[in-house]
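Reading through the structure tokens given below for one structure.
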Amino acid sequence: MTDAELQSIEEENRELEKERKKIARDGPKLKGDALAARLDRTWKRPPGIIGWLSTVDHKEIGRRYIVTALIFLALGGVLAAVMRLQLAVPDNNLVSAARYNEIFTMHGSTMMFLFAVPVMEGVALYVIPLMVGTRATTFPRLNAFSYFLYLFGGMLLWGAFVLNIGPDVGWFAYVPLSGPQFSPGKRADIWAQMITFTEVSALAAAVVLVTTILKARAPGMTLARMPLYAWAMLVVAVMIIFSMPAIALCSSMLISDRLVGTHFYNAAEHGDPLLWQHLFWFFGHPEVYIIFLPATGFVSVIVETFCRRPVFAYPVVVLALISTGILAFGLWVHHMFATGLPRVGYSFYTAASMTVAIPTGLQIFCWLATMWDGRPRFAVPMLYVVGFIVTFVIGGLSGVMVASVPLDLQLHDTYFVVAHFHYVLIGGAVFPLLGALVYWYPKMTGRMMSETLGKISFWMIFLGFQLAFFPMHIAGLMGMPRRVYTYPAGLGLELPNLLSTIGAVVVALSVLLFVINGIVSLYRGEIASENPWDAAGLEWATGSPPPTYNFAHIPVVESRTPLWDIDGELPVVTGLRVDEKELLLTTVVAAVPDLREPIPQASPWPFISAVATAVLFISSIFSPWAILFGAIPVAIALTAWFWPKEMKRQPEPVII
Amino acid sequence: MIERSRAAAASLPLLLCACSYQQYQSALGDAGVEDRHFLVLFTIFLVVCAAMYVLVIALLLVGIMRRRRAGDANVVETGRHHQSHPLMRSGLIAWGALVAIGLIGLTIADFITDRSDANAASNEKLSITVTGKQWWWDVQYNSADVSKMLRTANELHLPVGVPVRIMLRSDDVIHSFWVPSLVGKQDLIPGRDTDVSFTPTKVGIFRGQCAEFCGAQHAHMAFVVEVQPYADFIKWWEHQLQEAPQPTTPLARAGYNYVTTRQCATCHTIAGTPAGGRVGPDLTHLASRRSIAAGTLPMGEGNLYGWVADPQSIKPGTKMPTMDLEPSDLHAVVSYLETLK
Amino acid sequence: MIRPMVRAVRFTEDLSHLPTHKFGTSSLTWWGILGFMIIEGVAFALTFAAYFFLMGHEQGWPPEGRAAPNLLAGTLFTIVILLSEPVNTRIKKAALAHDVGEVRRLMPIIVVVGVVLLIIRGFEFNSLNCRWTDNAYASIVWALLLLHTTHILTDWFDTVVLYALMKTRLGFEGRRLEDVDENCMYWRYVWLLWLPIYLMIYWIPRL
Ligand code: HEA
Ligand code: HEA
Ligand code: CUA
Ligand SMILES: [Cu+2]
């Protein structure tokens with residue numbers, strides 16, 4: 001470097017130093033409406049379709065996640081209704097064998113990969129930044145990218161289904177059935193590639209959530225003051241990071257077996273079909289807690305608000321979350337009890353599966369104790385929490401039953417298991433989710449959902465659910481295997497199946513009612529105040545719906561239940577730039593202010609990158625070369641994405 | 001509460017009707033040592049879990065009823081935020097202990113049952129090899145003396161009270177061998193040797209079904225197990241060892257010619273005839289079996305007509321093609337098959 | 001509802017003095033990269049597990065008594081990538097010391113090393129003595145090598161782009177130096193990952 005160059009740099013630095021003095025920041029001198037106006041100009045995204053595609057606002061992205069996931073719930077649910085109609089009576093042929101196999105595969109895959117996981121991410125992406133008192137998620141563009149990938153993955157799966165090339169090998173696509181020899185055609189590839197989409201998007205969202213929770217919390221929100229929901233999402237995001245690579249790997253191996261003739265799963269060529277099962281369930285079991293733990297977070301939040309009391313034994317709940325997250329990685333073999341692995345080895349996984357019941361049991365007790373010591377009020381979200389406990393515990397207990405090898409050898413792959421996992425998935429995850437949607441609806445939309453409609457749909461879904469799924473326990477015990485498109489008369493399966501079908505219709509109607517309620521309230525609902533439930537969380541310290549920048553000033557946290565413990569005035573810190581998008585980063589444990597992090601503007605590049613990636617993924621189903629050629633546009637798009645905003649240096653100190 | 005009474009209300013009639021169907025295909029069947037073990041262990045789990053559940057519901061009811069608020073009077077429990085009622089801490093500890101004890105108890109019960117099942121497996125008397133195929137079961141009775149080796153399909157005969165070990169093989173996809181009334185599942189996995197051992201304790205006819213999704217006709221991959229007194233079992237074995245009888249009537253002979261000279265023979269074996277295919281089930285004693293096409297149809301003239309005429313419409317996807325036989329051929333073939341007693 | 005809205009605020013502290021970048025655990029991108037390194041780490045760990053799982057039920061490894069890969073290319077690769085580390089460390093130090101000149105001087109070396117490595121890697125694929133379609137052993141070996149190659153490729157591309165940026169005035173911005181620092185961290189990760197893979201591909205089949 002020449003001296004001349006150095007000189008000019010010095011020069012420039014002095015210039016920048018002067019500029020720096022002129023920068024406008026929030027604070028006593030700039031507050032109220034004036035501040036709001038400035039911030040709004042800096043944070044709002046460009047208008048129009050381009051702007052819509054370019055947005056990096058976590059609230060917009062979270063909303064899109066939620067709505068998309070709910071539509072997939074509806075689609076998957078409609079398929080469920082079709083299955084129930086087919087199974088209503090024995091030897092029915094409303095749908096053909098082949099079609100039925102597609103339908104349950106689509107139902108399972110849609111519910112797990114396109115509804116349950118994304119909806120939990122969506123709610124978190126919306127709520128977490130508000131809850132921890134920051135202006136945006138970290139890596140906002142990655143966030144946008146993850147949504148579009150998820151959307152494209154879902155469109156791929158359902159597009160294929162409509163074109164009658166939908167997968168038909170079950171939601172865990174066991175090889176060799178899903179392998180090149182027994183599933184010619186593209187059905188299985190579609191499934192595997194949908195997995196690639198959703199898993200990449202889930203991983204991106206997980207990184208965003210972890211970093212947001214660890215680095216962007218409001219000053220004073222130490223780990224020990226973090227809301228339980230944030231704790232739950234932190235654990236879940238870390239679980240995603242550790243489990244998703246497993247399915248990434250095994251689905252890639254499946255694709256390469258099918259596409260380029262590798263032999264990972266081909267027993268005839270030294271491969272092993274069980275390799276698939278190990279890898280899949282190493283992901284698959286954590287997956288179910290990835291769906292369940294966010295729901296426990298909802299429950300903690302709702303119980304606290306409607307019992308007017310912080311959740312009892314906060315440290316116990318946190319430890320329960322963490323230990324569940326760790327134990328979850330030691331259970332996968334309990335899905336493989338019938339594969340004839342060494343029996344003594346199985347006993348370990350039985351014991352491990354039993355152990356998970358302890359943290360979950362403790363959490364249940366903590367909620368019950370909170371209700372006992374608080375002043376419960378039965379608004380709709382609270383009803384869902386009660387329904388959750390009554391229902392989920394049954395599912396948990398049936399889980400403990402199937403965790404026992406001698407019991408599971410009979411119950412495995414029967415409707416008893418189908419009953420188990422719907423009790424935990426719907427009772428344990430969907431009920432709290434519906435409660436949470438009602439709970440945060442005013443924050444997201446600025447209006448309240450109708451209480452009466454809400455109560456009606458709660459009771460319908462609660463009772464309808466029991467009617468639909470309790471009889472499945474008996475059907476299973478009476479020898480009804482799962483994944484059969486019909487069953488012979490005379491086995492005594494007629495009554496339980498008929499009841500299940502009736503119940504399923506009730507559930508479907510109630511979900512429909514819930515959706516209608518949601519849509520109608522959007523226009524007719526009573527206007528919501530800033531904090532309609534009088535809750536304690538920071539998300540209620542800003543407008544409903546919140547402004548694009550969430551908080552005019554970054555709030556300071558002094559307790560676990562901030563809004564309950566301050567009298568009127570909200571303590572805040574100031575000094576963030578208003579002419580640039582800036583986040584306040586704090587230290588991981590003590591949440592001490594540490595950095596002012598400039599974050600990127602809205603940009604179409606995440607969307608373009610997602611499109612390029614989608615092209616790569618989908619065309620790779622048809623030719624391996626697509627991976628090579630497809631990579632080029634992806635590389636270009638990503639470079640454009642990460643290229644610094646303007647080639648002009650920021651007036652910020654270089655040396656510190 | 002609503003839920004439990006409702007559940008009970010629903011389950012009572014169900015359990016009742018369950019009992020009346022126990023025998024045929026049900027884990028409640030109690031027709032084998034292993035299934036008995038299952039029932040005992042299941043009862044233990046049921047009792048413990050029910051107790052825990054009642055406890056949870058009781059706590060819930062007390063919890064929500066004790067100090068519930070009417071309307072939406074929103075008083076925050078100010079002042080006493082973080083200090084909890086002394087009862088709660090001790091309650092938490094007690095609950096934790098209870099749960100731990102309950103789980104340890106269940107784990108021990110599980111382990112004991114598992115061991116005893118495993119030990120029972122060691123003293124086997126009868127050895128059978130079952131190979132799963134899309135979508136039927138190939139059955140081979142093993143014997144030291146080769147002339148006693150016996151091949152059949154989709155039907156097992158077992159002597160009551162005799163421990164049997166079944167070697168499980170698959171040359172296509174994963175299937176699962178399951179006779180609920182007798183014993184739990186065991187998967188048949190390509191490239192792996194698995195087996196299941198059990199001892200039937202009741203004479204009777206039981207239905208088994210493939211329990212691992214294996215493609216289009218997974219639902220129609222069932223089989224029949226007849227548990228019979230030892231003498232009858234031996235008689236059956238001896239009879240099955242015989243070759244197929246020569247057809248006598250002209251119609252049957254016509255059928256014989258068709259079956260042994262046309263496509264049929266490329267897939268099916270009929271001992272004592274040129275038909276020696278291995279793709280489909282062995283037909284030597286077809287007419288003596290209880291079902292057609294792996295439990296798809298009960299055996300009978302009408303169903304034989306239906307099946308031979310158009311298997312694809314009865315069991316869509318089955319590897320047996322619809323061959324559009326001339327009516328005359330159809331008559332002949334069916335009347336010949338009926339002679340395969 | 002009865003409680004007052006919490007709009008009224010009390011100003012506590014002014015944070016305008018806070019810097020906009022720091023190195024290490026304070027940096028956001030550091031955490032982001034850590035996250036992705038863990039994700040890839042798990043993927044590799046599971047691939048290793050799959051390798052040993054498949055090896056588990058074989059008499060011979062490689063099975064069917066085929067020849068193990070030839071050592072030359074792989075070993076050369078290992079040496080070169082290890083030799084790149086001292087340079088890598090100097091770049092990291094320079095970045096931390098805000099010595100843009102030094103960074104600009106050294107980065108091209110890493111870029112060149114990347115090219116050399118990619119060329120050697122080509123020969124490696126040639127010296128495996130098997131095609132991925134031969135059997136499961138061949139498939140997993142190819143998978144390991146391919147997986148690692150993608151990392152070399154992406155990090156090389158990353159380095160090129162970053163170097164281009166460093167040549168501009170933006171090089172003098174703290175955040176770019178932060179990027180350089182983290183790019184060096186990632187390079188370490190890439191060669192660390194290689195060592196177990198080297199053993200698994202070239203030496204375990206020789207045991
Ligand atoms: C939200 C999702 C979710 C959750 C939370 C759980 C929770 C549990 N699950 Fe479940 N499970 C699934 C989703 C879930 N599961 C799915 C989707 C499948 C099927 C996949 C497929 O095959 O398609 C499955 C299948 C499955 C199997 C395989 C069955 C088979 O295929 O044969 C097993 C076996 O061990 C199992 C066990 C458990 C256990 C022990 C728990 C425990 O975590 C439960 C712990 C909770 C409680 C026990 C209740 C509360 C505790 C108390 C009240 C304390 C008192 C209790 C006692 C003293 C007993 N599950
Ligand atoms: C979170 C996950 C989830 C959810 C919510 C559900 C919900 C339901 N499931 Fe699900 N199910 C699974 C996950 C889930 N399932 C999985 C993983 C499998 C295993 C798949 C496999 O074996 O591969 C499975 C399998 C499965 C089977 C076994 C199929 C078989 O083995 O042959 C059955 C059978 O009854 C069933 C029934 C139902 C029913 C009746 C519902 C009901 O709760 C559905 C309720 C109805 C709705 C939600 C629709 C209502 C909405 C509308 C009517 C439209 C509204 C309109 C707009 C919004 C525009 N499911
Ligand atoms: Cu064979 Cu299912
Ligand atoms: Cu599990």
Side-chain angles (χ1 to χ4, degrees), chain A residues 96-98 170 174 176-177 182 267 273 308-310 312-313 338-340 343 347 350-351 354 357-358 361-362 364-365 368-369 371-373 375-377 386 389-390 393 397 400-401 404-407 409-410 412-413 466 470-471 474 477-479 481 483-486 491-492 495-496 534 564, chain B residues 3 6-7 10 14 17-18 21 24-28 37-38 41-42 45 49 53 56 59-60 63-64 66-69 74 76-77 81 84-85 88 92 95-96 99 103 107 110-111 113-114 117-118 173-174 176 180 184-187 189-191 194 209 211-213 215-219 316:
Chain A
S96 71
Y174 275 3
L177 182 62
F182 299 99
R308 323 300 309 153
R309 186 199 182 292
F312 165 65
T339 55
R343 275 191 105 128
S347 312
T350 298
M354 297 273 183
I358 296 174
L362 290 177
I364 302 255
F365 183 89
L368 293 176
M371 296 179 195
W372 182 84
D373 190 47
R375 308 286 318 274
R377 187 185 122 233
V386 175
I389 290 176
V390 171
V393 173
L397 294 170
V400 168
M401 293 182 176
S404 154
V405 176
L407 295 188
L409 289 181
Q410 281 284 15
H412 174 62
D413 273 338
Q466 311 298 341
F470 191 85
I474 285 98
L477 281 167
M478 291 177 64
R483 300 173 157 187
V484 290
Y485 74 100
T486 188
L491 297 184
L495 179 56
D534 185 27
W564 282 351
Chain B
E3 190 289 322
R6 214 224 86 268
L14 287 169
C17 75
Y21 289 101
Y24 198 32
Q25 172 174 340
S26 166
L28 309 170
H37 289 166
F38 164 79
L41 188 61
F42 187 75
F45 271 68
C49 292
Y53 188 68
V56 170
L59 287 175
L60 177 65
I64 60 180
R66 187 160 157 272
R67 308 168 69 224
R68 63 182 309 172
R69 282 172 294 135
N74 259 344
V76 177
E77 308 279 282
H81 258 60
S84 321
H85 194 292
M88 292 157 75
L92 178 63
W95 171 258
V99 172
L103 289 167
T107 314
D110 158 84
F111 192 72
T113 317
D114 193 50
D117 278 352
V173 301
I174 300 176
S176 195
K185 294 167 198 65
Q186 189 61 55
D187 290 353
I189 305 172
T194 55
Q209 188 164 2
E212 182 63 68
F213 179 62
Q217 282 300 334
H218 163 64

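What you are looking at is a predicted structure, and each value in this text was computed from that prediction instead of being measured. Convention: sequence-line order gives letters A, B, ...; per-chain numbering from 1.
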In terms of heavy-atom pairs under 4.5 Å, which option from A:Ala267, A:Ala338, A:Gly170 contacts chain B the most?
A:Ala338

Part of A:Tyr485 within contact of chain B (heavy atom distance under 4.5 Å):
both

In the structure I gave you, are the side-chain heavy atoms of B:Phe42 and B:Leu28 within less than 4.5 Å of one another anywhere?
no

Of the listed residues (A:Ala97, A:Gly340, A:Pro176), which shares the most heavy-atom pairs with chain B below a 4.5 Å separation?
A:Pro176

Flag the pair A:Met401 / B:Cys49 as yes when at least one side-chain heavy-atom distance between them is below 4.5 Å, and no otherwise.
yes

Atom of B:Asp187, atom of B:Ser176 and distance for their closest heavy-atom approach
OD1-OG, 2.7 Å

side-chain contact (heavy atoms from CB on, under 4.5 Å) assessment of A:Leu491 paired with A:Met478:
CA-CA 8 Å; A:Leu491 297 184; A:Met478 291 177 64; over 6 Å; no

Given that the side chain runs from C-beta out, which part of B:Val99 has a heavy atom under 4.5 Å from chain A: side chain, backbone, both or neither?
side chain

If I measure from the heavy atoms of chain A, does B:Phe213 come under 4.5 Å with its side chain, its backbone, both, or neither?
both

Which heavy atom in B:Leu59 sits nearest to a heavy atom in A:Leu368, and how many Å separate them?
CB-CD1, 3.8 Å

Do you know which of A:Val400, A:Thr339, A:Ile358, A:Leu407 has the most heavy-atom pairs under 4.5 Å to chain B?
A:Leu407

Go through it in stages, so that I can follow the logic: the residues are B:Val56 and B:Trp95, the test is side-chain contact (heavy atoms from CB on, under 4.5 Å), and I'd like the CA-CA distance, side-chain angles, deciding distance and then a yes or no.
CA-CA 10 Å; B:Val56 170; B:Trp95 171 258; 3.7 Å; yes

Chain B contact via A:Ala313 - side chain, backbone, both or neither, heavy atoms under 4.5 Å:
side chain

Portion of A:Ser404 that has a non-hydrogen atom of chain B nearer than 4.5 angstrom
both

Do the non-hydrogen side-chain atoms of A:Asp534 and A:Arg308 ever get within less than 4.5 Å of each other?
yes

Heavy-atom pairs under 4.5 Å with chain B, option from A:Asp413, A:Thr486, A:Val386 with the top count
A:Asp413

Quick check on B:Ile174 against chain A: is it the side chain, the backbone, both or neither that has a heavy atom closer than 4.5 Å?
both

Contacting region of A:Pro273 [heavy-atom separation from chain B under 4.5 Å]:
side chain

Applying a strict 4.5 Å limit to non-hydrogen atoms, the region of B:Gln186 in contact with chain A is both

Test B:Glu212 against A:Leu177 for side-chain contact (heavy atoms from CB on, under 4.5 Å), laying out the working first.
CA-CA 11 Å; B:Glu212 182 63 68; A:Leu177 182 62; over 6 Å; no

